[in-house]
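Please read the structure below before turning to the comments.
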Amino acid sequence: MKTVTATPCFHINQQFNIGQHNWDKPENLALGQLSMDKLFRTVALEPNSKMTPLVYDQSNFNIDEMVFDDPLMPNRLLFGEQLLNRRVFNDALLVMHKGNVVHESYRNGMIATDRHVIHSCTKSLCAMLIAIAIDAGLLDPDERLVRYLPEFEQHQAWQVVTLQHVLDMQAGIKYSEDYRDPNADYWSYARATGYYPPKAGETAIGAKAWAVNNLHTQNHQPGTCFVYNSCLANILGMVLERVYQKDLAQVFETHLYQQVGAEACAYFNTDPLGFPIAEGQLNLRLRDFARIAALMINHGKNSEGKQIVPARFIDNLVLSETAYQQAYQASVPDKVFKDGLYKNQFWVFNPTKKQFTMLGIHGQFAWFDLQRELMIVGMGSYPTQDGDLMMNALNTLWQGIAQHLDPF
């Protein structure tokens with residue numbers, strides 16, 4: 001682990017005044033998401049000395065010429081090239097089927113050596129580390145969170161919240177992450193953490209202090225209602241630091257990144273106090289993202305057959321559980337994935353078909369179909385953070401590729 005950027009430069013393009021204040025405007029995303037190490041204080045996760053090459057299928061299929069239903073215009077068709085560029089706004093795509101890479105492509109200016117921020121897919125990687133710590137006997141998912149982080153014990157709202165509640169975003173803590181609402185809690189958190197410059201009178205106090213100071217009111221009984229809350233992933237990061245007695249970046253580097261045969265350093269952006277932003281600020285090359293994500297399709301094993309993530313963590317993800325599905329729809333019903341659920345920082349949109357995904361704003365994903373032994377990894381610059389249309393477009397891509405490769 002080494003420091004890449006100690007002091008952010010705040011500008012990544014002087015000519016067009018692109019910097020910390022506007023990196024995520026739609027017209028700036030293609031540059032902004034490849035430049036987070038210049039906007040944040042950043043540390044590098046160093047790979048192991050042995051790089052593991054990906055295995056490529058020489059009969060790479062041509063996604064550009066595939067035909068898909070148009071998610072925007074019903075009853076019309078469009079080619080894969082149009083779906084990727086004009087509906088998904090994809091920057092990079094990798095498809096792995098039965099252990100072989102059958103497609104890899106880059107667009108929108110991105111090249112293979114670029115590191116792209118994966119946003120909330122980082123949450124899923126953090127949960128994989130929690131699973132590793134549970135398997136090692138360092139954590140108990142049914143234990144109260146305050147046992148691991150006593151600084152939250154001052155708030156009554158946290159007294160019965162378990163580690164599993166935090167993993168499932170069912171902590172019952174009042175919080176809003178509606179990106180369309182300028183008064184949502186998320187924006188205060190984002191400025192405190194360094195995503196954007198603080199407003200007058202604000203101080204960038206960092207992710208840890210913001211969580212302790214602001215997440216203190218209960219509005220749901222823990223375990224009954226899914227409420228998306230990015231800050232809970234940072235709390236998981238705090239737990240990992242506490243039980244390993246190491247910086248979170250070191251935990252990521254040692255227990256995950258150095259276990260997959262990565263080809264290059266990953267960049268982890270930190271808040272102004274040096275805490276890695278576990279909810280969304282890991283930056284990876286596409287191939288290295290695929291190497292980590294492939295653990296989920298390989299039953300937790302790396303390419304050398306070593307068990308990294310416990311297999312039962314993956315098996316438990318795709319169980320159809322009524323309580324989880326009810327909690328998922330309890331607050332803001334999902335119109336696109338009505339049978340979905342959220343568990344262990346993963347989105348399980350189709351548990352009966354054993355399909356689930358890591359998911360990040362602006363179209364980042366690692367999607368899995370365990371029955372087909374299929375993984376699709378993508379990085380994108382979708383103009384808005386999220387939305388039903390984006391999810392319809394992504395699902396059109398995922399299901400189309402799945403049917404093309406393995407039409408059972």
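All heavy atoms count here, side chains included; hydrogens, waters and symmetry mates do not. Bear in mind the structure is a predicted one, so any value in this text is a computation, not a measurement.
Heavy atoms only, all atoms of each residue included: A204 and P272 are closest at CB-CG, 3.7 Å. Nearest approach of I277 to N234, heavy atoms of both residues: C-OD1, 3.7 Å. The two residues V309 and Q307 have their closest heavy-atom pair at O-NE2, 2.8 Å. Here the shortest heavy-atom pairing between H21 and P197 reads CA-CD, 4.0 Å. In terms of heavy-atom proximity, Q33 sits nearest to G380 at NE2-O, 2.8 Å. Taking all atoms of both residues into account, the shortest heavy-atom contact from L94 to L54 is CD1-CD1, 4.2 Å.
Residue Q245 places its CD atom among more than 12 non-hydrogen atoms of other residues, nucleotides or ligands, all under 6.0 Å distant. Within 6.0 Å of atom CG in D339, 12 or fewer heavy atoms from other residues, nucleotides or ligands are found, so the atom counts as exposed in its surroundings. Within 6.0 Å of CZ on R312 lie no more than 12 heavy atoms contributed by other residues, nucleotides or ligands. For H299, the NE2 atom counts as loosely surrounded, since its 6.0 Å shell holds 12 or fewer non-hydrogen atoms of other residues, nucleotides or ligands. Within 6.0 Å of CG on D70 lie more than 12 heavy atoms contributed by other residues, nucleotides or ligands. For Y244, the OH atom is densely surrounded, since the number of other residues' heavy atoms within 6.0 Å is greater than 12.
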Quick one: do I292 and F252 satisfy side-chain contact (heavy atoms from CB on, under 4.5 Å)? Show the steps, please. CA-CA 11 Å; I292 302 173; F252 261 84; over 6 Å; no
Go through the steps for V260 and T52 under the test side-chain contact (heavy atoms from CB on, under 4.5 Å), then give the verdict. CA-CA 7 Å; V260 298; T52 303; over 6 Å; no
Could you walk me through whether L236 and L167 pass the side-chain contact (heavy atoms from CB on, under 4.5 Å) check? CA-CA 8 Å; L236 295 175; L167 280 163; 3.7 Å; yes
Test T384 against M390 for side-chain contact (heavy atoms from CB on, under 4.5 Å), laying out the working first. CA-CA 9 Å; T384 58; M390 183 185 84; 5.7 Å; no
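Considering F368, W398, W367, F226 in turn, F226 is the only one that fulfils the ring-ring contact (aromatic ring centres under 6.0 Å, His included) rule with W347. Here the rule is ring-ring contact (aromatic ring centres under 6.0 Å, His included) with F349, and of Y328, F337, F356 only F337 fits it. Under the side-chain contact (heavy atoms from CB on, under 4.5 Å) rule, M238 has a single partner from V243, L145, L248, L149, which is L149.
Although no hydrogens or angles enter the test, the distance criterion places a donor-acceptor pair under 3.5 Å between the side chain of Q364 and the main chain of I361. Between the side chain of N22 and the backbone N or O of G19, at least one donor-acceptor pair lies under 3.5 Å.
Between H155 and H216, the ring-plane angle classifies as tilted under the 30° and 60° cut-offs.
Between Y195 and F40, the distance from one ring center to the other falls under 6.0 angstrom.
In this structure, R291 pairs ionically with D288, as a charged nitrogen and a carboxylate oxygen lie closer than 4.0 Å. Ion pairing of K208 with E151 is absent here, as no side-chain N (NZ or NE/NH1/NH2) approaches a carboxylate O to less than 4.0 Å.
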